[in-house]
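Notes follow the structure.
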Amino acid sequence: MLKIYNTLTRKKELFQPLVAGKVGLYVCGMTVYDYCHIGHARVMVVFDTVARYFRYLNYELTYVRNITDIDDKIIKRAFENGEEYGRLTERFIDAMHEDERALSVLPPDIEPRATQSINDIITMIKTLVAKELAYVGTNGDVFYAVNNFKDYGQLSGKNLDDLQAGERVDVDLAKRNPMDFVLWKMAKTNEPAWDSPWGSGRPGWHIECSAMSTCCLGNHFDIHGGGMDLQFPHHENEIAQSEGATGEKFVNLWMHNGFVRVDDEKMSKSLGNFFTVREVLKQYQPEIIRFFILSSHYRSPLNYSDEQLNDAGTALTRLYTALRGVNIVADEIVDETYKTRFEQAMNDDFNTPVGLAVLFDLARDLNKAKSNDPEKISILATSLRQLAGLLGILQNDPDAFMKGSGDNESDDGKIEQQIQERLNAKIAKEWLLADKIRNELKEQGVILEDSPDGTTSWRRD
RNA sequence: GGCUGCGUAGCAAAAUGGUUAUGCAGUGGCCUGCAAAGCCAUCUACGGCGGUUCGAUUCCGCCCGCAGCCUCCA
């Protein structure tokens with residue numbers, strides 16, 4: 001039985017789909033004016049893992065993740081670059097998809113874009129205006145009137161009276177209430193704009209997600225997710241907009257993932273302490289990043305450091321070492337005990353660290369079977385690979401993983417050649433020469449492992 | 001000021017009212033020409049103070065510390 005932590009109730013709840021056997025999942029995606037950083041990678045990997053698990057449980061899943069391709073920062077960046085904003089967003093959407101593929105993140109079923117949803121957005125704003133939940137401010141922008149939505153604050157546990165509006169940012173005098181937020185923003189000269197009943201402008205940030213999610217999944221759907229920082233005001237505002245417009249409950253279950261931190265501080269664009277995915281990929285294999293992300297629970301903070309990434313690499317190598325040289329049989333059944341343990345972990349709010357612990361136990365069993373119980377090797381290896389597949393790891397060829405990527409093949413050839421020389425030295429019992437070759441390779445980050453049958457395998461450290 | 005959440009061994013990270021997490025690192029052993037990998041064994045824990053309980057790291061209260069949100073942010 002799958003249990004998921006619901007931010008709305010602050011409790012783990014038994015997951016009950018609105019329609020038996022089906023799940024609608026909406027996740028707030030990226031604003032595309034820069035490369036994805038590790039924090040974005042966490043959202044992608046976490047919800048990809050959630051999606052994989054729903055499918056594994058045989059749910060018919062519709063996974064929607066939007067792209068914010070128009071907003072103030074995009075306009076600003078495009079202006080700075082002297083670039084047309086649409087070109088800028090196309091570039092970064094492509095880059096995002098590249099990063100995604102690298103991290104074995106499967107594409108969502110629907111990837112709606114704000115600029116392609118303008119009609120739906122305008123329709124929703126019209127409804128809100130008609131219901132007096134929205135009004136035109138003194139500057140012509142359309143605002144949402146938070147005072148007229150009685151449940152405002154239900155998700156974040158905030159009380160309108162307790163919020164200190166204006167403490168950190170100037171209150172916009174065009175609004176009736178400082179907490180009111182913009183639905184439609186009037187365009188300045190030369191800004192991208194769309195026609196609307198309120199004049200030429202563009203949608204506010206929050207409204208696009210309300211419009212796109214209800215369009216793709218219906219007025220009322222199962223799960224909405226995103227980063228912790230979106231809880232307030234973004235998701236709170238989405239609830240106000242959607243429930244205000246449709247009169248129906250918006251979302252049953254809210255999932256929020258924790259932040260990636262650097263030196264115990266949130267990784268964010270505004271702090272400038274972020275590492276982009278492509279930057280990190282130069283140093284670490286993509287699977288190591290994925291493993292690193294899944295090694296902590298999705299709601300916990302995740303501290304980014306070289307030490308952590310190196311540990312993740314070592315740990316992953318242990319799993320691949322267990323699989324090395326073992327023949328995986330495609331139609332072999334998965335071991336029931338491990339399968340049950342793994343499912344119990346995942347059923348408990350997607351507890352991937354425990355899931356990984358199960359994989360390590362499995363790997364140890366497999367290593368033992370190699371010397372004790374050859375008949376079990378096949379089922380254990382297959383189980384390891386299949387269960388790991390639910391996390392999107394361990395699907396590569398073990399040798400390919402351990403020999404690393406990105407290095408050219410002539411290097412590999414040279415290494416093989418030196419290994420052969422060392423094997424000859426070993427046969428001649430010239431231990432000094434053999435050790436010298438091994439040390440030289442070690443200097444280059446190549447570790448040799450002799451096996452009992454007289455062959456030598458190697459991996460990159 | 002208001003609202004969340006967190007504090008576990010050298011590091012990372014889970015679960016749990018009484019019994020082994022797991023990975024890395026350390027120590028001892030097996031294996032090996034020596035290593036590496038692997039296997040076996042083993043040392044380091046639950047921020048502080050009270051309360052509930054036969055028993056609390058686990059539940060409750062208070063305190064201390066940390067992070068996040070209350071502006072855009074995944």
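Side chains are part of it too, since the values below use all heavy atoms of this structure and drop only hydrogens, waters and symmetry mates.
- In this structure, Val358(A) reaches neither bases nor backbone, as no heavy-atom distance under 4.0 Å exists between it and the strands shown.
- Using bins of under 30°, 30° to 60° and over 60° for the plane-to-plane angle, the ring pair His224(A)/Tyr26(A) lands in the tilted bin.
- Among the protein residues, Gly29(A) comes within range of the sugar-phosphate backbone only, with heavy atoms under 4.0 Å from sugar or phosphate atoms but none that close to a base.
- Side-chain N/O atoms of Asn351(A) include one lying less than 4.0 angstrom from OP1 or OP2 on A15(B).
- Distances shorter than 4.0 Å separate some side-chain N or O of Arg364(A) from OP1 or OP2 on C40(B).
- Remark: Lys368(A) is in phosphate contact with C40(B), judged by side-chain N or O atoms under 4.0 Å from OP1 or OP2.
- Nucleic acid contact for Met44(A): none, since no nucleic acid atom lies under 4.0 Å from a heavy atom of the residue.
- Heavy atoms of Lys269(A) sit under 4.0 angstrom from primed sugar atoms or phosphate atoms, though from no base atom.
- Within the 4.0 angstrom heavy-atom criterion, only backbone atoms of the sugar-phosphate kind lie near Ser295(A); the bases stay farther away.
- Salt bridge status for Arg341(A) with Asp361(A): present, with a side-chain N to carboxylate O gap under 4.0 Å.
- Between Lys370(A) and the phosphate of C39(B), there is no side-chain N or O to OP1/OP2 separation shorter than 4.0 Å.
- Remark: U16(B) base-pairs with no nucleotide in the shown strands. Criterion, Watson-Crick or G-U wobble with two distances under 3.5 Å.
- For the salt bridge (charged side-chain N to carboxylate O under 4.0 Å, His left out) with Asp349(A), the qualifying choice from Lys11(A), Arg299(A), Lys3(A) is Arg299(A), the only one to do so.
- The residue Pro452(A) sits apart from the nucleic acid: no heavy atom pair falls under 4.0 Å.
- The nucleotide whose nearest atom lies closest to any side-chain atom of Arg10(A) is, among C70(B), G5(B), A21(B), G5(B).
- Taken residue by residue, residues 432-440 of chain A places heavy atoms nearer than 4.0 Å to RNA chain B at Asp435(A), Arg438(A).
- The environment of Tyr56(A) atom OH is dense: over 12 non-hydrogen atoms of other residues, nucleotides or ligands sit within 6.0 angstrom.
- Distance noted for atom P between U8(B) and C70(B): 26 Å (whole Å).
- Distances shorter than 4.0 Å separate none of the side-chain N or O atoms of Arg324(A) from OP1 or OP2 on G38(B).
- Dashed line: the shortest gap from a side-chain N or O of Ser268(A) to OP1 or OP2 of C72(B) is not under 4.0 Å.
- Using a 4.0 Å cut-off between charged nitrogen and carboxylate oxygen, Arg422(A) and Asp450(A) count as a salt-bridge pair.
- Taking 4.0 Å as the cut-off between side-chain N and carboxylate O, Asp109(A) and Arg65(A) do not count as a salt-bridged pair.
- Among the heavy atoms of the strands lying under 4.0 Å from Arg422(A) is at least one base atom, whether or not backbone atoms are also near.
- Base engagement by Asn257(A) is indicated by at least one non-hydrogen atom pair under 4.0 Å involving a base atom.
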